[in-house]
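In what follows, a structure is listed as structure tokens, so that the remarks can point back to it.
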Amino acid sequence: MTRKITLAVALIIATVTTSRADEGMWLPSLIGSRIADMQEKGFKLDAEDIYSINQASLKDAVVLFGGGCTGEIVSEAGLLLTNHHCGYRQIQSHSSVEHDYLRDGFWAMNRSEELPNKGLTVKFLERMEDVTGIILKGCDESRNEDERTKLIDENSKKIIEQATAEGNGLRASVEALYYGNQYYLFIYREYSDIRLVGAPPSSIGKFGGDTDNWMWPRHTGDFSIFRIYADKDNNPAPYSPDNVPYRPKKFFKISTGGVHEGDFTFIYGFPGSTQEYIHSEAVRYIGEVSDPQKIKLRTIRLGILKKHMDSSQKIRIQYSSKYASISNAWKKWQGEELGLRRNRIVAKKAQYEKKFAQWAEGSSYSGLCDSLASLYKTIEPYRFAGELYNETARTVELASYASRISRCFSKKDGNVTFDKDAAGEIASAFFKDYCPDIDKECFIAMMEEFAESIPEDFMPEYYKRMILKYGSVAAWADEIFSTSAFLDENFIASLSECDIEKAEDDIIMDFYNGFLKWYSKEIRPSVERINARIFDLNKEYMKGQMEYSEAVSDGRAFYPDANLTLRVAYGHVKGYSPADGIYYVTSSTIKGIIQKDDPNIFDYNIPQSLRDIYASKDYGKWAGESGEIPVCFLADNHTTGGNSGSPVINCNGDLIGINFDRVWEGTMSDIAFDPERCRNISLDVRYLLFTIEKIGNASWLFDEMVFVD
């Protein structure tokens, strides 16, 4: 049997086939192939309004915020909205016991009060383009795998250098799509003077905490406000008092008309990572091995952190961001595991693979699924050991800190230099948010779990020696956390170029290097070698799936897996049924906040001002049709991590909300989208506006926004 369909034709098919339900994360530059479907579902603009390099378009109002979230511009003076949890680290960095902006919120009352943030950047996408031919030039079958990889890297480097030659904040990356069947160049302009403008109290911005995270109904005012600054010519520039607000090519108008079941919505953002086309063996490992192990380990760590945070306001401030970071994936994995099992994704993929194999008999794709299954089984113990290392030894805060300090030493031609200023900044930031008692307790728990979980054949010799030397993990921890010089805040001040051995030979560096050496020599090489082979086979499998879909006319839509590049996802405001006899409506209101309000629980103890407003019903113009303030709403847009902070836009291209989460029952959408349960959760923009005015008393910000009904 021969397969004559070309990859180019397959990719065209991938973009024009009607999608199932509202699944899909579409490249903006190719949105013209989806625009008819979008318009049929209610969208009133055209493809050029979404993405254009010839005129201002909606893409010019969307930014990659901080490297892992999305933000949107809402004024001609560079005002930026994103999630509270996306700006959490910046809010926390400005907080202290005396000025607890996490607890009390922060509101600048004019531009002079806006707070600069070191290290925070935003990136605007200038353009994207298909560079497959350039990147794969010379990568013919005569070259082996290593040679092709090297050539792709060299070609990518050249095109990135050309794209950023102008400088002036330009950044670029070449990203593989469809497992390397296609390559795209993404060119960004990066701004680094980003200032905090406003943030609600955590009891609004993080209302419900980890209990409500990933759950519906939600009542979380998950937003924070920043402003982008530039030089007088509107170019990127480091922080300076002389900088002025950035003047965007485009900003979103804000709709105050509200949302209703069935309304068209689309999300413009930077989804992080999905694996929609992987083999059933890969899914089995995720749902039955990886997720359960990681959930177990993080449950233990979260319990330790919570115990200490509940006992001290200082520790609560220090560890709030760390706790949230640990908890977010922990709860997501629980929903993912449940969803994969409930939807029988492994069995469904196995059934698909059986049909694919029958179709592929006698072709170049023959035996492909069996080969992938074998490789996934081979890599499993190595991948498990690597994940166990990441969730145990690599979570020791003191070890991570010591390794960063050690990198401030550099050796060249026999000479040693020490960047004392950089080390001092690292130390200052570390000790501001560090509690050795927590770190020690977590060390003991994680090292004991490591020993219990790691297969005997993979146990590091270093670990065995330490247990033989100290007799127990607890005794080992006693030695580390009583003798390491890195526990002394003044240790860095005493170091010089002559003290490199003092730093490198410290007991915590011995721990760090002992595990790193094991992972680097015994685990990572096997993972990388097998993964490279898996990637190559997945490239062929991806092509095969497209050809198979065309051959059997199954109507399957193919979109590139998310990789933190700009995408469009569209759908409708829509409720769902999580279980028999239950149906969740699309919107929540302030009434639910009052029902959950509990002064005895930090995450549910709302500001007294909010209670007073509810009692008086002093909602201003922000109440919905029910007479209450709308808070959050559901839609069936396909989202994932990275979409946090993404603008939720109505049929006219106006802002109606900010995406911040998914429902727990649908978190397996990174692997398999379930149209019945996969829902994204968004903050209703009217609650944001209400909070700015009534809680923050910062309605001066409205003067630069543009509102539409």
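The shown structure was predicted, so the numbers you read here are calculated from the model rather than taken from an experiment. For the numbers below, each heavy atom of this structure counts, side chains included, while hydrogens, waters and symmetry mates do not.
For the pairing with Phe450, the ring-ring contact (aromatic ring centres under 6.0 Å, His included) check across Phe515, Tyr389, Tyr519 returns one residue only, Phe515. Of the residues Asp433, Asp100, Asp603, the one that meets the salt bridge (Lys or Arg N to Asp or Glu O under 4.0 Å) test with Arg316 is Asp100.
Stacking of Arg567 on the aromatic ring of Tyr268 is not recorded, the 6.0 Å distance cut-off and the 45° axial limit not both being met. In this structure, Lys294 forms a cation-pi arrangement with Trp333, its terminal cationic atom sitting closer than 6.0 Å to the ring centre and no more than 45° off the ring axis. A cation-pi arrangement, defined by a distance under 6.0 Å to the six-membered ring centre and an angle within 45 degrees of its axis, is present between Lys322 and Tyr319.
Crowding of Arg189 atom CZ: a count of heavy atoms from other residues, nucleotides or ligands under 6.0 Å exceeding 12. The environment of NZ in Lys432 is crowded: more than 12 heavy-atom neighbours from other residues, nucleotides or ligands sit within 6.0 Å. Taking a 6.0 Å sphere around NZ of Lys307, one finds it holds more than 12 heavy atoms contributed by other residues, nucleotides or ligands. A 6.0 Å sphere centred on NZ of Lys591 holds no more than 12 heavy atoms belonging to other residues, nucleotides or ligands. Around CD of Glu76, the count of heavy atoms belonging to other residues, nucleotides or ligands within 6.0 Å does not exceed 12. By the 6.0 Å contact criterion, CZ on Arg404 is open, its count of non-hydrogen atoms from other residues, nucleotides or ligands being 12 or less.
Side-chain rings of Phe443 and Phe511 approach one another, their centers coming within less than 6.0 Å. Remark: aromatic rings of Tyr229 and Tyr239 are distant, center separation not under 6.0 Å. Ring to ring, Phe223 and Phe660 are not that close: their centroids are 6.0 angstrom or more apart. In this structure, the ring of Phe707 has its center less than 6.0 angstrom from the ring center of Phe702. Residues Phe124 and Tyr188 place their aromatic rings such that the two centres sit no closer than 6.0 Å. Note: Tyr246 and Tyr191 meet the aromatic proximity criterion, with ring centroids under 6.0 Å apart.
A distance of 8.0 Å separates OG in Ser646 from CG in Asn83, rounded to the nearest 0.5 Å. How far CD1 of Ile658 is from OG of Ser644: 11.0 Å, rounded to the nearest 0.5 Å. The structure places CD1 of Ile295 at 11.5 Å from CG of Leu302, a figure rounded to the nearest 0.5 Å. Asn243 CG to Asn234 CG: the interatomic distance, rounded to the nearest 0.5 Å, is 10.5 Å. To the nearest 0.5 Å, the span separating CD1 on Ile681 from CG on Asp212 amounts to 9.5 Å. Here NE2 of His638 is found 6.0 Å from OG1 of Thr274. Values are rounded to the nearest 0.5 Å.
No donor-acceptor pair under 3.5 Å is formed between the side chain of Arg103 and the backbone N or O of Pro201. For Trp664 (side chain) and Lys331 (main-chain N/O), a donor-acceptor pair under 3.5 Å exists by modelled atom type. Using modelled atom types, one side-chain atom of Ser494 and one backbone atom of Phe491 make a donor-acceptor pair closer than 3.5 Å. Without hydrogens or angle criteria, Thr395 side chain to Thr392 main chain gives a donor-acceptor distance under 3.5 Å. Checked by atom type and distance alone, the side chain of Trp700 pairs as donor or acceptor with a backbone atom of Ala108 at under 3.5 Å. Side-chain atoms of Asn513 come within 3.5 Å of backbone N or O of Met509 as a donor-acceptor pair. Of the possible donor and acceptor atoms, one in the side chain of Ser406 sits under 3.5 Å from a partner among the backbone N and O of Ser403.
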- Kindly determine whether His219 and Gln595 satisfy side-chain hydrogen bond (donor to acceptor under 3.5 Å, both in side chains), including the steps that lead there. CA-CA 10 Å; His219 300 88; Gln595 290 170 349; over 6 Å; no

- Item | Test log, rule side-chain hydrogen bond (donor to acceptor under 3.5 Å, both in side chains), inputs Glu628 and Thr589 | CA-CA 6 Å; Glu628 300 291 355; Thr589 71; 5.5 Å; no

- Message: The test is salt bridge (charged side-chain N to carboxylate O under 4.0 Å, His left out); show your working for Lys250 and Glu72 and say whether it passes.
- Response: CA-CA 10 Å; Lys250 185 82 172 179; Glu72 53 273 1; over 6 Å; no

- Item | Step-by-step side chain to side chain contact (heavy atoms under 4.5 Å, CB included) determination, Thr121 to Ile194 | CA-CA 7 Å; Thr121 64; Ile194 317 299; 5.6 Å; no

- Should Asn643 and Asn680 be marked as a side chain to side chain contact (heavy atoms under 4.5 Å, CB included) after you check the CA-CA gap, both sets of side-chain angles, and the distance that decides it? CA-CA 10 Å; Asn643 276 126; Asn680 61 299; over 6 Å; no

- Take Cys408 and Phe418, measure what side chain to side chain contact (heavy atoms under 4.5 Å, CB included) needs, and give me the verdict at the end. CA-CA 6 Å; Cys408 292; Phe418 178 55; 3.8 Å; yes

- Message: Quick one, Asp210 with Ser327, criterion side-chain hydrogen bond (donor to acceptor under 3.5 Å, both in side chains). Give me CA distance, side-chain angles, the key distance, then yes/no.
- Response: CA-CA 7 Å; Asp210 297 290; Ser327 174; 2.5 Å; yes

- Task: Using the side chain to side chain contact (heavy atoms under 4.5 Å, CB included) rule, take Tyr619 and Tyr614 through it: C-alpha gap first, then chi angles, then the decisive distance, then the call.
- Result: CA-CA 8 Å; Tyr619 299 152; Tyr614 180 78; 3.1 Å; yes

- Query: Can you check side-chain hydrogen bond (donor to acceptor under 3.5 Å, both in side chains) on Gln92 and Ser320, steps first, answer last?
  - Reply: CA-CA 8 Å; Gln92 190 245 4; Ser320 286; over 6 Å; no

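Looking at Asp670 and Arg662, a side-chain N of the basic residue comes within less than 4.0 Å of a carboxylate O on the acidic one, giving a salt bridge. With respect to Glu449 and Arg301, no salt bridge is recorded, no charged nitrogen being found less than 4.0 Å from a carboxylate O. With salt bridges taken as basic N to acidic carboxylate O contacts below 4.0 Å, none links Lys206 and Asp222. Salt-bridge check for Lys596 with Asp598: failed, with every basic side-chain N at 4.0 Å or more from each acidic carboxylate O. Residues Arg218 and Asp661 are paired through a salt bridge, judged by an N-O separation under 4.0 Å between the basic side chain and the carboxylate.
What you find for Ala199 and Ile91 is that their closest heavy atoms are CB-CD1, 3.5 Å. Taking all atoms of both residues into account, the shortest heavy-atom contact from Ala427 to Ile492 is CB-CG1, 3.8 Å. Contact record, Lys332 with Thr667: O-OG1, 3.2 Å, taken as the closest heavy-atom pair. Closest non-hydrogen pair, Ile656 versus Phe633, comes out as O-CE2, 3.8 Å. Contact record, Ala569 with Asn637: O-ND2, 3.7 Å, taken as the closest heavy-atom pair.
Side-chain contact between Arg227 and Leu80 is absent, with no heavy atoms from C-beta onward closer than 4.5 Å.
Using the six-membered ring where Trp is involved, Tyr687 and Phe690 have ring planes that are parallel, under 30° apart on the 30 and 60° scheme.
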